[in-house]
**Student:** 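Take a look at this one; I'll ask things after.
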There are 2 protein chains.
Amino acid sequence: MLIRKPAATRKAEIVEAALRLADELGPDRLTTEAIAGAVGLTQPAIFRHFPTKQDLWEAVGARIGELMEERWAAVPADEGRATDRVRALVATQLGLIQATPAIPAILFSRELHVENQGLRRAFLELMSRFHRLIAGLLAQARDDGELCPELDPDDLAALVIGLPPGLAVRWSLSDRGFDLGEEGRRLLELQLRGFTSEATRRSS
Amino acid sequence: MLIRKPAATRKAEIVEAALRLADELGPDRLTTEAIAGAVGLTQPAIFRHFPTKQDLWEAVGARIGELMEERWAAVPADEGRATDRVRALVATQLGLIQATPAIPAILFSRELHVENQGLRRAFLELMSRFHRLIAGLLAQARDDGELCPELDPDDLAALVIGLPPGLAVRWSLSDRGFDLGEEGRRLLELQLRGFTSEATRRSS
DNA sequence: TTGCTAAGTGAGTGATTACTAACTTAATGG
DNA sequence: CCATTAAGTTAGTAATCACTCACTTAGCAA
C-alpha cells in the first residue's frame, strides 16, 4: 500500500522535488499539486509538512544555502596554491548551477525579493561570505607574489564571483547548449591571468 | 470623461507598465488586472490589445530587444579608441538594467524558457550580436596594440558581456544598495587592465 | 497484541486570474 | 453633422490554486 515516511525525510523529498520542478516549470508555475505528484503524495499532504507555500520557499532557500556551503567545505582549506583554491571554489559554483539550474531564476525571483526579504538577506550574507573567502585567497596569492600587487583583492573577487552567474545567463539563453563548467573554467583562467603579476607569468 | 487612445499608443503604454510592474511584483505575479490599473483601464481592455497574455510577453520581450539596440546605436561607431567604445557599450548595458531592473528576472523567467522558445532564441541572437560587437572591438584594440596579442578576443568578450549580469546578481541581492553603473565601470576598468599589453600599460 | 501518534487521504472552498460576449461611446473622416 | 470604426466597459465564466477539515490507517513503543 502506501508507504509513510518520517516527516524529516518527506520534507527533504519535497524540497528536492521543488528544486527540480522549479527548473522544469519555472519558479512561478511551481504548484503544490505538481510537487505532490512528483513525490507521490496527494496535494494536501504537502501542507502537513509546510503550513504555507512560503514556508516551503523558505526551506528551498535554506537548502540552496546548505548545498553551497557543503560544496565550499569540500574544498581543502590549506593545501595547494591560493589561486588553485579559487579555481576549485569557482568550479563548485559552476557545478552547483549545473546540478541545480533553478538557482539563478530563484535568485531573481520575487518569491525571494518581495515575498521573503529575510531569505534575500540570508543569500546576501552567504554571497558576502563567499566574496570574503575569495578575496582572502586572492590577497594571499598577492602576498605570495602570484598576483599583481596594486590590484584590490576585493574588486578582483567581485569579478571572480560574478563570472559564474554572468556565464549562466548565456548558458540559460543558449538552452544549456554548452558545458557550463568547462567554459567557466576556461574563462576563469583568462580572468586570473589578467590579475597575474608579470614576474610570475614569465616564470611559469 | 475617458480618453481613448489609438491602439499603437496604448499597446506601448501597456508594455511599459508591464515592464515596470514585472519588476515591482515579479514577472510571475504580473496580472492583467495590475497592468490595467497602472495604465488606467479596466482589465478586459488589455485583451483588446493583446489577445493572450503570451502575446503581451512577446511584445515585452521585443521591447527589451529594442531598448538594447537603441542604446547600442547611440554609441558612436567610429570615433575614439576601441576600448573606449567597449566601455561605452558596457555602460549602456548597466544603464539599461538600472532603468529596467526587471530584465534579469525576465531573462531567467520561464515565460521565456518554457512558454516562449522563439523569444528565447531572439534574445540569444541579440546577445550573440552584442558578443560579436564587443569581440570585434577587442580585436581592433589588440591590433592597435592596446591589448595583449595572445588573448582570444572572443573569450575576452565573453568575460566583458558577463560582467553586467554577474554584477546584477549582487546588486539585486543587496536590494540595489549600490550604484550599478559606477561599480560596473570600476570593475570593467580592472577587467580591461588585465587584458592590456604591458607596453601600453607602461606608456599610458 | 494493542493503543497511540502522526502521516496521509477525500472532498471541498474561496480567491484569483486569464479570457469572453454583448454592449457603449469617443474619435475621426467625408 | 453624421456614420462608421474601434477603443473601452460591464458582467460573467471556467480553470487553477493555496489552503482546510474531518477522517483513516501505517508504524512504532510498551
Side-chain angles (χ1 to χ4, degrees), chain A residues 1-22 24-61 102 106 109-112 114-116 119, chain B residues 1-22 24-61 102 106 109-112 114-116 119:
Chain A
M1 285 278 164
L2 169 82
I3 305 154
R4 291 187 185 179
K5 298 187 182 176
T9 311
R10 273 291 191 231
K11 274 184 154 177
E13 284 181 11
I14 291 170
V15 167
E16 201 180 338
L19 270 172
R20 202 179 61 248
L21 289 170
E24 286 171 25
L25 310 173
D28 38 321
R29 304 283 164 86
L30 184 66
T31 69
T32 51
E33 176 72 43
I35 298 169
V39 177
L41 292 176
T42 57
Q43 185 251 359
I46 303 299
F47 291 92
R48 181 158 302 271
H49 299 287
F50 300 97
T52 73
K53 211 188 171 189
Q54 228 196 110
D55 292 324
L56 174 57
W57 273 112
E58 227 157 295
V60 168
I106 291 173
S109 80
R110 296 296 141 158
E111 299 298 344
L112 224 159
V114 258
E115 231 56 54
N116 207 322
L119 197 56
Chain B
M1 285 281 160
L2 169 82
I3 305 155
R4 290 187 186 180
K5 298 186 181 176
T9 312
R10 273 291 191 233
K11 274 185 154 176
E13 283 181 12
I14 290 170
V15 167
E16 201 179 339
L19 270 173
R20 202 180 61 250
L21 289 170
E24 286 171 25
L25 310 174
D28 39 322
R29 304 284 164 87
L30 183 66
T31 70
T32 51
E33 176 72 44
I35 297 169
V39 177
L41 293 175
T42 57
Q43 185 251 2
I46 303 299
F47 290 92
R48 181 157 303 270
H49 299 288
F50 299 98
T52 75
K53 211 186 168 190
Q54 226 196 111
D55 292 324
L56 174 58
W57 273 112
E58 226 158 296
V60 168
I106 292 174
S109 79
R110 295 298 139 158
E111 300 297 345
L112 225 158
V114 252
E115 230 56 54
N116 207 322
L119 197 56

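As a basis for the values below, the full set of heavy atoms in this structure was taken, side chains included, without hydrogen atoms, waters or symmetry mates. So that the names make sense, note that chain A is the first sequence line, chain B the second, and so on, each numbered from 1.
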**Student:** Taking only the side-chain heavy atoms of B:Pro44 (C-beta and beyond), determine which of C:dT24, C:dT9, D:dT10 contains the nearest atom.
**Tutor:** D:dT10
**Student:** Output all residues satisfying side-chain contact (heavy atoms from CB on, under 4.5 Å) with B:Arg20, sequence neighbours left out; order by chain, then residue number.
**Tutor:** B:Glu24, B:Ala38
**Student:** How close or far is atom C1' of C:dA18 from atom CG of B:Leu56, stated in whole angstroms?
**Tutor:** 12 Å
**Student:** Could you give the distance from OG1 (B:Thr9) to CD1 (B:Ile14), rounded to the nearest 0.5 Å?
**Tutor:** 10.5 Å
**Student:** Just compare C:dC19, C:dA26, C:dA6 and give me whichever is closest to any side-chain atom of B:Arg4.
**Tutor:** C:dA26
**Student:** Can you confirm whether B:Glu16 is buried at CD, in the sense that more than 12 heavy atoms of other residues, nucleotides or ligands lie under 6.0 Å from that atom?
**Tutor:** no
**Student:** Decide yes or no, distance alone: a donor-acceptor N/O pair under 3.5 angstrom between the base of C:dC19 and the side-chain of B:Gln43.
**Tutor:** yes
**Student:** Residues in side-chain contact (heavy atoms from CB on, under 4.5 Å) with A:Leu41, at least two apart?
**Tutor:** A:Arg10, A:Val39, A:Ala45
**Student:** A:Phe47 has a side chain; which of C:dT25, D:dA18, C:dA21 sits nearest to it?
**Tutor:** D:dA18
**Student:** OP1 or OP2 of D:dA6 sitting under 4.0 Å from any side-chain N/O of B:His49?
**Tutor:** no
**Student:** What is the distance from CD of B:Gln54 to C1' of C:dT17, rounded to the nearest Å?
**Tutor:** 16 Å
**Student:** CG of B:Leu30 to CG of B:Leu25: how many Å apart, nearest 0.5 Å?
**Tutor:** 6.5 Å
**Student:** Please list residues of residues 5-22 of chain A whose heavy atoms come under 4.0 Å from any atom in DNA chain C, ordered by number; otherwise none.
**Tutor:** A:Lys5, A:Ala7, A:Arg10
**Student:** Under a 4.0 Å heavy-atom cut-off, which of residues 25-42 of chain B touch DNA chain C?
**Tutor:** B:Leu30, B:Thr31, B:Thr32
**Student:** What is the distance from NZ of B:Lys53 to C1' of D:dA15, rounded to the nearest Å?
**Tutor:** 15 Å
**Student:** The criterion is side-chain contact (heavy atoms from CB on, under 4.5 Å); which residues satisfy it with A:Thr32, sequence neighbours excluded?
**Tutor:** A:Gln43, A:Ile46, A:Phe47, A:Lys53
**Student:** Not counting sequence neighbours, which residues clear side-chain contact (heavy atoms from CB on, under 4.5 Å) with A:Arg4? List them please.
**Tutor:** A:Leu2
**Student:** Restricting to non-hydrogen atoms, name the atom on A:Pro27 and the atom on B:Arg110 that form the minimum distance, rounded to 0.1 Å.
**Tutor:** CD-CG, 4.3 Å
**Student:** Does any N or O donor sit under 3.5 Å from an N or O acceptor when you compare the side chain of B:Arg48 with the base of D:dG8?
**Tutor:** yes
**Student:** With rounding to the nearest 0.5 angstrom, report the CG to CD distance, B:Leu56 to B:Glu111.
**Tutor:** 9.5 Å
